[in-house]
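Starting from 1, each residue takes its place in the sequence as its number.
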Amino acid sequence: QVQLVESGGGLVDTGGSLRLSCAASGSLFSIYTMGWYRQAPGKERELVAGITSGRNTNYADSVKGRFTISRDNSKKTVYLQMNSLKPEDTAVYYCNANRRNALTGLVYDYWGQGTQVTVSS
């Protein structure tokens, strides 16, 4: 079982920066693929950035060059540094932890409660 708690959201002007944090509790954090998703009003939840246990990263095209995902396994925390924020980045941002047991095929998937990011124009 993994519990995820996001923090760092808030209100920022266009062009500003925020850093989101997601603190995890439970075991085996280092082997989880961690992701940041977001959901804007009336839209589907979308992947913003992901980082694997081997620290390979991927980003949505809309945030490439502006957002950076990182993880600190010693602190069981994943971060999302968001720069050059735009009004269209406004959404609730969710942290996700995911892993698949190669032996059993079971998938373990956990979500945080979300943190609001609002970018004013």
Side-chain angles (χ1 to χ4, degrees):
Q1 187 78 4
V2 173
Q3 291 80 43
L4 303 172
V5 178
E6 302 101 333
S7 61
L11 174 64
V12 64
D13 292 333
T14 296
S17 298
L18 285 173
R19 188 175 84 153
L20 305 183
S21 299
C22 172
S25 61
S27 59
L28 304 178
F29 173 81
S30 63
I31 69 171
Y32 279 83
T33 290
M34 302 299 297
W36 285 99
Y37 290 73
R38 67 186 181 188
Q39 187 167 19
K43 295 187 177 181
E44 293 186 355
R45 191 173 297 190
E46 62 174 355
L47 175 66
V48 176
I51 184 167
T52 68
S53 59
R55 301 181 187 273
N56 292 314
T57 59
N58 63 291
Y59 297 91
D61 287 343
S62 59
V63 307
K64 283 181 181 177
R66 300 189 298 123
F67 292 9
T68 302
I69 189 170
S70 61
R71 66 190 298 163
D72 185 334
N73 289 338
S74 66
K75 296 182 179 179
K76 295 185 179 180
T77 301
V78 62
Y79 304 96
L80 185 68
Q81 178 66 43
M82 305 186 294
N83 299 327
S84 302
L85 282 161
K86 305 175 180 179
E88 50 263 45
D89 295 318
T90 296
V92 178
Y93 283 71
Y94 297 91
C95 180
N96 174 261
N98 184 280
R99 73 176 179 95
R100 178 180 177 275
N101 187 307
L103 293 178
T104 66
L106 288 174
V107 175
Y108 300 85
D109 192 70
Y110 303 98
W111 293 89
Q113 82 288 348
T115 185
Q116 176 70 46
V117 171
T118 303
V119 185
S120 63
S121 57

Novice: Looking at Glu88, I'd like to know if its CD atom is crowded, meaning that more than 12 non-hydrogen atoms belonging to other residues, nucleotides or ligands lie closer than 6.0 Å.
Specialist: yes
Novice: Are side-chain heavy atoms of Lys75 and Ser21 found at a separation under 4.5 Å?
Specialist: no
Novice: Using 0.5 Å steps for rounding, measure from the CD atom of Gln116 to the OG1 atom of Thr90.
Specialist: 7.0 Å
Novice: If hydrophobic clusters are built by linking Ile, Leu, Val, Met, Phe, Trp and Tyr wherever their side-chain heavy atoms come under 4.5 Å apart, do Val92 and Trp36 end up in the same one?
Specialist: no
Novice: Just wondering, do Ser17 and Val12 contact through their side chains at under 4.5 Å, heavy atoms?
Specialist: no
Novice: May I ask whether Tyr79 and Leu4 are part of the same hydrophobic cluster, defined by side-chain heavy atoms of I, L, V, M, F, W, Y residues being less than 4.5 angstrom apart, directly or through others?
Specialist: no
Novice: At what distance, to the nearest 0.5 angstrom, does OG of Ser27 lie from NZ of Lys76?
Specialist: 7.0 Å
Novice: Locate the shortest heavy-atom distance separating Gln3 from Gln1; write the atom from each residue and the value.
Specialist: NE2-CG, 2.9 Å
Novice: Rounded to the nearest 0.5 Å, what's the gap from CZ on Phe29 to SG on Cys22? Could you check?
Specialist: 7.0 Å
Novice: For Asp72, check side-chain hydrogen bond (donor to acceptor under 3.5 Å, both in side chains) against everything at least two apart and list the hits.
Specialist: Ser74
Novice: Does a side-chain heavy-atom distance below 4.5 Å link Tyr59 with Ile69?
Specialist: yes
Novice: Side chains of Tyr32 and Arg99: is there a donor and an acceptor less than 3.5 Å apart?
Specialist: yes
Novice: Is it true that Lys86 and Asp89 have a side-chain N and a carboxylate O under 4.0 angstrom from each other?
Specialist: no
Novice: Which distance, rounded to the nearest 0.5 Å, do you find between the CD1 of Ile31 and the CZ of Arg100?
Specialist: 12.5 Å
Novice: Determine the minimum heavy-atom distance between Cys95 and Val78, stating which atoms define it.
Specialist: SG-CG1, 3.8 Å
Novice: Just to verify, which of Met82, Glu6, Gln81 counts as forming a side chain to side chain contact (heavy atoms under 4.5 Å, CB included) with Leu20?
Specialist: Met82
Novice: Closest heavy-atom contact between Ser121 and Pro87?
Specialist: CB-CG, 3.8 Å
Novice: When hydrophobic residues are tied together by side-chain contacts of less than 4.5 Å, even through go-betweens, does Val119 share a cluster with Val48?
Specialist: yes
Novice: Taking a hydrophobic cluster as the set of Ile, Leu, Val, Met, Phe, Trp and Tyr residues connected by side-chain heavy atoms closer than 4.5 Å, whether directly or through intermediates, do Val2 and Tyr93 fall within one such cluster?
Specialist: yes
Novice: Check for a donor-acceptor pair, side chain of Arg71 on one end and backbone N or O of Thr33 on the other, with a separation under 3.5 Å.
Specialist: no
Novice: Could you give the distance from OG (Ser84) to CZ (Phe67), rounded to the nearest 0.5 Å?
Specialist: 9.0 Å
Novice: Could you pull out the closest heavy-atom pair between Ala49 and Leu80, with the gap in Å?
Specialist: CB-CD1, 4.1 Å
Novice: Give a yes or no answer on whether the side chain of Asn96 reaches the backbone of Tyr110 with a donor-acceptor pair at less than 3.5 Å.
Specialist: yes
Novice: About how many Å separate OG1 of Thr52 and CE of Met34, when rounded to the nearest 0.5 Å?
Specialist: 12.0 Å
Novice: Side-chain heavy atoms under 4.5 angstrom apart, residues restricted to Ile, Leu, Val, Met, Phe, Trp, Tyr: same cluster for Tyr37 and Leu85?
Specialist: no
Novice: Parallel under 30°, tilted from 30 to 60°, perpendicular over 60°: which one fits the rings of Tyr94 and Trp111?
Specialist: perpendicular
